[in-house]
Amino acid sequence: MSFIVTTGATGRLGSRVAARLADAGVEQRLVSRRADRAAPLEGATAVSADYGDPAAVRRALDGASTVLFVSAKEGPERFGRHRAFVDAARAAGVTHLVYVSFYGAAPDATFTLARDHWTTEQYIRDSGIPFTFLRDNLYADFLPYLAGDDGVIRGPAGQGRVSVVAQDDIAEAAAAVLLRPEEHEGVTYNLTGPRAVTLDEVAAVLTRATGRVFSYHGETVEEAYASRSALGAPAWQVEAWVSTYLAIAAGELEEVGDGVPALTGRPATGLEELFPRRAG
């Protein structure tokens, strides 16, 4: 009998998807680098496989019908790992890949990591494996972590807007595709929140929700590179961090997509709903 593979099963997104599939009563195999960290779920077995180990990935995917392909850890070797994963999926006879991509994926995207996602999408297309692409915008859940210890969100985003999306919305949308993949073959879904917000608006919502004062400071590009380079991060990571804000400034992350309501049958979760106003 065929089954669904959920990769990244111990991560924030993969674990959410796995839980929903378990609730739906389907058989699944949970794949992560550390199988012992996977949550015990009804109908699920956990196996260890690193994207950098093609033989292990091939074994993990063997017998699977549909696979949730959560992208590898960010880094210069990311596409190489993705390519190896797709090759293993084809060798294992996988009949549908559901790839977690990024909103605005394009060869010339301002956000540097979105280019890797576009390259991966093209490789999947060329592989001949039936696919669905889920292009998620920035995770709304992570917005508090953009701020420093002083509560200030710093970056060269100007007054650009971003249609951030809740991870639970992504997980519910992904589960819907995995349960009926034939209905979504060849489709690309843009998964966003219900509206686009500025970082000033993000700061205001977080302040009301937590009681801690958040604010946004629009850095210059030079200031952004200097502040992040001082952290000792590698050049590719600094470029990725800064380009996230530049993509917002350029308006590349502001469009509101209909993927979440189309797949879940309900409106996408708003920022104020995800971070409700603090009582009192």
Side-chain angles (χ1 to χ4, degrees), residues 6-21 66-74 78-79 82 85 96-106 109-122 124 131-146 157 160-179 181 184 186-197 199 202 240-241 243-245 247-248 250-271 273-275:
T6 303
T7 65
T10 58
R12 293 181 177 90
L13 179 59
S15 62
R16 284 173 161 88
V17 176
R20 284 165 172 77
L21 294 178
T66 304
V67 173
L68 177 70
F69 178 16
V70 176
S71 55
K73 183 179 180 180
E74 298 168 356
R78 191 185 214 182
F79 174 64
H82 286 181
F85 185 94
H96 199 112
L97 275 180
V98 180
Y99 175 59
V100 181
S101 186
F102 188 77
Y103 177 95
T110 298
F111 179 40
T112 56
L113 300 183
R115 303 170 198 169
D116 290 341
H117 285 290
W118 183 86
T119 304
T120 301
E121 288 184 0
Q122 304 318 301
I124 293 172
F131 65 85
T132 304
F133 298 146
L134 303 179
R135 290 184 170 182
D136 313 336
N137 209 320
L138 297 179
Y139 293 158
D141 311 66
F142 287 2
L143 290 174
Y145 303 107
L146 295 181
R161 293 180 175 273
V162 54
S163 52
V164 292
V165 59
Q167 284 185 305
D168 279 333
D169 285 359
I170 300 169
E172 189 172 338
V177 174
L178 291 163
L179 291 171
H184 309 283
V187 182
T188 297
Y189 291 100
N190 287 324
L191 305 184
T192 75
R195 71 183 184 95
V197 293
L199 294 186
V202 168
W241 286 341
S243 67
T244 306
Y245 293 92
I248 296 173
E252 294 180 15
L253 303 182
E254 70 178 3
E255 184 178 342
V256 174
D258 64 355
V260 170
L263 291 170
T264 67
R266 59 167 179 78
T269 303
L271 196 60
E273 185 180 354
L274 186 63
F275 298 105

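Computed over heavy atoms, backbone and side chain alike; hydrogens, waters and symmetry mates excluded. Everything numeric here is computed off the predicted structure, so don't read it as measured data.
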Give the intermediate values and the outcome of side-chain contact (heavy atoms from CB on, under 4.5 Å) for residues Tyr99 and Thr120. CA-CA 9 Å; Tyr99 175 59; Thr120 301; 3.5 Å; yes

I'd like to know if the side chain of [X] and the backbone of [Y] have a donor-acceptor N/O pair within less than 3.5 Å.
| X | Y | result |
| --- | --- | --- |
| Arg20 | Ala175 | no |
| Thr7 | Val70 | yes |
| His82 | Ser71 | no |

Minimum heavy-atom separation for [X] to [Y], with atom names?
| X | Y | answer |
| --- | --- | --- |
| Ala240 | Phe111 | O-CE1, 3.5 Å |
| Pro194 | Gly270 | CG-CA, 3.6 Å |
| Thr264 | Val260 | OG1-O, 2.7 Å |
| His96 | Phe131 | NE2-C, 3.4 Å |
| Val256 | Ala196 | CG2-N, 3.9 Å |
| Ala109 | Gly104 | CB-O, 3.8 Å |

Quick one: list whatever passes salt bridge (charged side-chain N to carboxylate O under 4.0 Å, His left out) with Arg115, sequence neighbours left out.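 Salt bridge (charged side-chain N to carboxylate O under 4.0 Å, His left out) check on Arg115 returns nothing, list empty.
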
Can you tell me how far apart [atom1] ([X]) and [atom2] ([Y]) are? Round to the nearest 0.5 Å.
| X | Y | atom1 | atom2 | answer |
| --- | --- | --- | --- | --- |
| Leu263 | Glu172 | CG | CD | 9.5 Å |
| Leu134 | Ile170 | CG | CD1 | 8.5 Å |
| Ser101 | Arg135 | OG | CZ | 5.5 Å |
| Ile124 | Phe85 | CD1 | CZ | 9.0 Å |
| Thr192 | Asp169 | OG1 | CG | 9.5 Å |
| Leu199 | Arg161 | CG | CZ | 10.5 Å |

Apply side-chain contact (heavy atoms from CB on, under 4.5 Å) to Asn190 and Asp258, showing your working. CA-CA 7 Å; Asn190 287 324; Asp258 64 355; over 6 Å; no

Distance-only donor-acceptor pairs under 3.5 Å for side chains of residues 136-146, two or more places apart:
from: Asn137; atom 1: ND2; to: Ser163; atom 2: O; distance (Å): 3.4
from: Asn137; atom 1: ND2; to: Ser163; atom 2: OG; distance (Å): 2.8
from: Asn137; atom 1: ND2; to: Leu253; atom 2: O; distance (Å): 3.0
from: Asp141; atom 1: OD1; to: Gln167; atom 2: N; distance (Å): 2.8

Which word best sums up how the rings of His184 and Tyr189 line up, parallel for under 30°, tilted for 30 to 60°, or perpendicular for over 60°?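 If you compare the ring of His184 with that of Tyr189, the planes turn out perpendicular.
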
Intermediate values then yes/no, side-chain contact (heavy atoms from CB on, under 4.5 Å), Val67 and Val98: CA-CA 6 Å; Val67 173; Val98 180; over 6 Å; no

Under 6.0 Å between the ring centres of His117 and Phe133?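 Between His117 and Phe133, the centre distance exceeds or equals 6.0 Å.
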
Between Leu178 and Val17, is there a side-chain heavy-atom distance shorter than 4.5 Å?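 The answer is yes, as the side chains (C-beta and beyond) meet within the 4.5 Å cut-off.
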
